[in-house]
Each structure stands twice: as C-alpha cells, then as structure tokens.
Amino acid sequence: MAGFQSLPGFREFYPEDFSRRQHIFNGWRKSANAFGFQEYDAPVLEPLELYTTKSGDEIEGQLFSFTDKGDRQVSLRPEMTPTVCRMVGAKAGALKRPIKWFSIAEFYRYERAQKGRLRAFNQFNADIFGEAGPEAEIELIALLIQCLGGFGLTKDDFYVRLSDRNLWFYYLEALGFDEAQTRGILSAVDRYEKMGDDAFKGYVEAHGALADDKKAKVLAFLKIKSLPELEATLTPLGSEKITARLTDWRKVLGGVAAMGLADFIAVDLGVVRGLAYYTGFVFEAFDRKGDLRALAGGGRYNDLVKKLGYADLPAVGFAIGDVTTGLLLEQRGLTPAYVGGPDIYVVIGGEAERRAAFADIQVLRAEGLRVEYPFKDLAFGKQFKAASESGAKLALIYGGDELAKGVVKIRNLTDRSEREVPRAEVLAEAQSALGKP
RNA sequence: GCGGCCAUAGCUCAGUUGGUUAGAGCACUUGAUUGUGAUUCAAGGGGUCGCGGGUUCGAGUCCCGUUGGCCGCCCCA
C-alpha cells in the first residue's frame, strides 16, 4: 500500500462512483431546468473576507483558508451563498426579476468527516432574488421536493419541515424578550430536539433565569406542528405584524397544497437553523426514518446582499448535498445499475478487415453510437466472448467472407440472431436495431 | 479540537499460546480455442501484513507512537 493517499474527507470517483454521482447531478439539473432556473458557476477560491463578513471571524476555523503567493487571504469556498449574492448584487440593476438561478458545485470545509459529512462535497444550490413575497418560498419548496422526488423518493421517504424565524421574533417580542434574549432562545430552540432541557443552559448563563411560565410558552411554541395550532396561539395576541405573517403562511401552505405536495410538508416551529442570517421562512428536508443528517436546508436571507455591499435585494435559497442524498438513494434501492458498456462491439477478422471496419466505426461513432472494438487481432471466439462481457447489444462482424460480398453481419447479442446487411446500410440498420433515431 | 472501534492482495476475508518461503474465494492477464459469447480446465501477475519504533533468538500476531477509515461529541453556512 505504498505511495500516496487522498486527503482525509476527500473522495475519488471511480467510473462506477462517478456514474452514481452523475445520476444525482442529472436529476437536480433536470428539475431546476423544468422550474425555469438558470445555471451558473463561480470560482472555487475566494477572498477569505467574503466568508468572515457573512458569518463572522469564527468561521475561519472551519475553512480551507491560506495566504496565497500574492499575500492575499483566501479560502476554498465552503458554500455558494455569498458568491451568488456578489454575482447577483454586482448586476442587480440589469437582471430581470425574479432572478432564479441554480448551480451544482463542489465545496470544502475543514471539519472532521463523519457519516453524511465530508471535507469535500457537492451541493445543488437554488436561489430566488428580487421577490419579497411568499411566492418565492412556494417555488423553492416545490423545486426542493422535485429535486428529491425526481429520483423516485416519495412522501414516505422524505419530508420538508417548515418554520419561520419572523414568527419566533414576533412571538418572543410579545412575550417581552429583547433582541439579544431572543437570539439566545432561538439558539436553545435549535438544539432542543437533540439535547432536551440542557439546550437552555447557555441562555440561562448569558441572560439569567428563564421564568417558568415563559419557558412553558417557548416549549409549547416550538412543539407546534400545524397551522391551526399556530393560528390559535398567535391570533389572540392581536398584533398586525403577526396577522400579516399568518397570511403569508396560508399562502405558502395553500400554494404547496395546490401543487399536490401537501404530504411532503410539515409545519414545525422547532426548526430555526443554526447561523443567524436567515430572516424569515426556513425549511429543512429530512428522511422519514430520521437516521440521516439533513438532506437539504434553506430559507430567506433578505439582508445578505446588502450586507455584502450591494443593493437591498430580498432572497430565498436552499442547498441539497450529494452525500446524504446518495446515502438515502442507496438505502432505498434507487441507485441505477452501472452501465459502462458500448452499444456495439465490432468483431474484426484481421488486418485487411480492420481497415474496412475502421471506416464504418468512425461513421457510427460520429452519429453518437457507442462503439468498441479489440485493439489487437484476436480469435473470433475471444471476440464474441469480449463482446458479450462488454454489455453491448449488437455485434458487427467484419470477416473476410462478409466483406467479399460487400456485407456486414449484424448479430443481436441478446437473442443470438444474425443477418447480413449491405455495408452502406450498416448505420441505418444498427440504429434501428438499437431503437435509436 | 475530543472520545470509541478498526487497518493482511483490486474486493471479501483466513492466518494456531509469537515459529520455516503469508493463504483462499472473487476479480484481473494468458493459454486450451485461426469464424461464433455466460460453462470448464490450466498457468500467471499482484503483498516491504497502513507507516515508524520497541520487546524478543524470532513479530502479520505483543507494546508504544503515527497516519488513515468508520462511528459519536463540538460544529453544521
């Protein structure tokens, strides 16, 4: 086992692995195209400041960052959001609204690898800029569901939990919390599912004891799992902001339901999402069995474009990772069988026949048919064995007898039938035998 | 950054209380086979037993360190 190893948390994609990854990418791209999103790409290496501005200096510990030869502080990208905000922000005045963009790209985080999390991974990112209303959320949640459902995953396999940081802010304000306390509470809510009551320890240390009646209300709120419960809790408060917000909620849930996707959505105020740049609706996709990390996450971030120095542009977005998606597809048996073989294997009699075969092989390949042939002269028996093992559906036989007659023998490797066709018709015959245009 | 488990051929693994030249199946290459493929038979290549050190007459085996993998904690944009 001499030589070199790849770095920890980085994957190598052998052909079979690559085809599985490609299946995922293709599915994402197909869904995004169907929803009218436009694809973009961006640099892998960015100024470090792009990320510290967005997330604070602490983030550097989790970045692949270094100083380049021009003394610039740089980092491999850990996410797409700041980059796409910069791209959109720089041309915001010239872009037609709503701006619906997506990308499929590799990201890098300097963290300890574990199940569903690596140091290099791929994400599908979809964002809508320039639409402040909940119509953008409807579009993105529908796209998220299609991006997973497109692989054959159903409502029994995954679901999307929908929550709202705005409602949390409004509700906690109504309970008398100030802004710093509110952030402390949200941090506790974020961990409550995992840690239980201990989640509030940090809050108590920073802000003092939490009154029992208030804590009970917070706990009741984070356990809300439906719109009627939400309305019942909030309507009595009589706040205009809250009433307007509930209208947004009804729009989102009504829109998603009208698309026939209601079964994929769960109202769940227990979701608030870690870092605090989200400003409204937030959502996460999970597998139903719940033994994997989050499949996808996203939400509204209306302040970020401005914070990075550009126009005040509302935005919503989400990202799906390839690692957890791949694990789920594997678990559900939805990974397609690897097909690496050609359509056609050409059996060649000898040197003279090889030249005739080459002429036709080039014609077939130029039309997009996948054609293989043996590099070296081999006994016919060997060639048929190789043809069979290659997975090809057809063999074309270029032997001395055939060429003397101006024909090529086409053998169907599945049913073993054979027939001779004039050389000039090889392309048309091969295409029709393969069911290709 | 912290903790648990693990590491023998490309893959799955065997390898006795420490004892000669480290094995099997699958996979791969070649031949039996100069006009017809899933079988069969034969041969072959491939290992510094993850790496480094220690104990010992002797280490794949015991000890220490290290690297990597899996799992968990912190974090999770």
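Residue numbering restarts at 1 for every chain, and letters A, B, ... go by the order of the sequence lines.
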For [X] and [N], give me the distance from atom [atom1] to atom [atom2], rounded to whole Å.
X: A:Tyr108; N: B:C76; atom1: OH; atom2: C1'; value: 19 Å
X: A:Ile59; N: B:C76; atom1: CD1; atom2: C1'; value: 9 Å
X: A:Gln383; N: B:G37; atom1: CD; atom2: C1'; value: 11 Å
X: A:Phe121; N: B:C76; atom1: CZ; atom2: P; value: 14 Å
X: A:Ile320; N: B:A77; atom1: CD1; atom2: P; value: 15 Å

Who are the side-chain contact (heavy atoms from CB on, under 4.5 Å) partners of [X], not counting sequence neighbours?
X: A:Ser6; value: A:Glu12
X: A:Ser75; value: A:Leu48, A:Tyr51, A:Leu63, A:Ser65
X: A:Ala180; value: A:Asp178, A:His207

Query - Runs of at least three Watson-Crick or G-U pairs with RNA chain B, cut-off 3.5 Å - result: B:1-7 with B:67-73, B:10-13 with B:23-26, B:28-32 with B:40-44, B:50-54 with B:62-66
If you restrict it to nitrogen or oxygen atoms, what contacts under 3.5 Å exist between nucleotides 68-71 of chain B and the protein, and what is each distance?
from: B:G69; atom 1: OP1; to: A:Gly9; atom 2: N; distance (Å): 3.1
from: B:C71; atom 1: OP2; to: A:Lys115; atom 2: N; distance (Å): 3.0

Requested in this report: Find out whether the Lys NZ or Arg CZ of A:Arg29 is both under 6.0 angstrom from the six-membered ring centre of A:Phe124 and within 45° of the ring's axis.
Outcome: no
Under 4.0 Å from any atom of RNA chain B, heavy atoms only: list the residues of [range] that qualify, in numerical order.
range: residues 403-420 of chain A; result: A:Lys409, A:Arg411, A:Leu413, A:Arg416, A:Glu418
range: residues 73-88 of chain A; result: A:Pro78, A:Glu79
range: residues 343-365 of chain A; result: none

Query - Distance-only donor-acceptor test (3.5 Å): side chain A:Arg293, base B:C76 - result: yes
Query - side-chain hydrogen bond (donor to acceptor under 3.5 Å, both in side chains) partners for A:Gln146, two or more places apart - result: none
Query - Residues which pass side-chain hydrogen bond (donor to acceptor under 3.5 Å, both in side chains) with A:Asp401, listed by chain and number, not counting sequence neighbours - result: none
Query raised in the report: Does B:C74 have OP1 or OP2 sitting under 4.0 Å from an N or O in the side chain of A:Arg191?
Result: no
Report task. List in chain and number order the residues that pass salt bridge (charged side-chain N to carboxylate O under 4.0 Å, His left out) with A:Asp197, two or more places apart in sequence or in another chain; answer none if no residue qualifies. Result -> A:Lys215
Query raised in the report: Counting heavy atoms not belonging to A:Phe64, are there more than 12 under 6.0 Å from its CZ?
Result: yes
Query raised in the report: How do A:Lys194 and A:Ile397 order along RNA chain B: which one's closest nucleotide is nearer the 5' end?
Result: A:Ile397
Query raised in the report: Taking protein heavy atoms under 4.0 Å as touching, what does nucleotides 26-33 of chain B look like 5' to 3' if B marks base contact, S marks sugar-phosphate-only contact and - marks none?
Result: -----S--
Query raised in the report: Using the rule for Phe, Tyr, His and the six-membered ring of Trp, do A:Phe384 and B:G37 stack at under 5.5 Å and under 30°?
Result: no
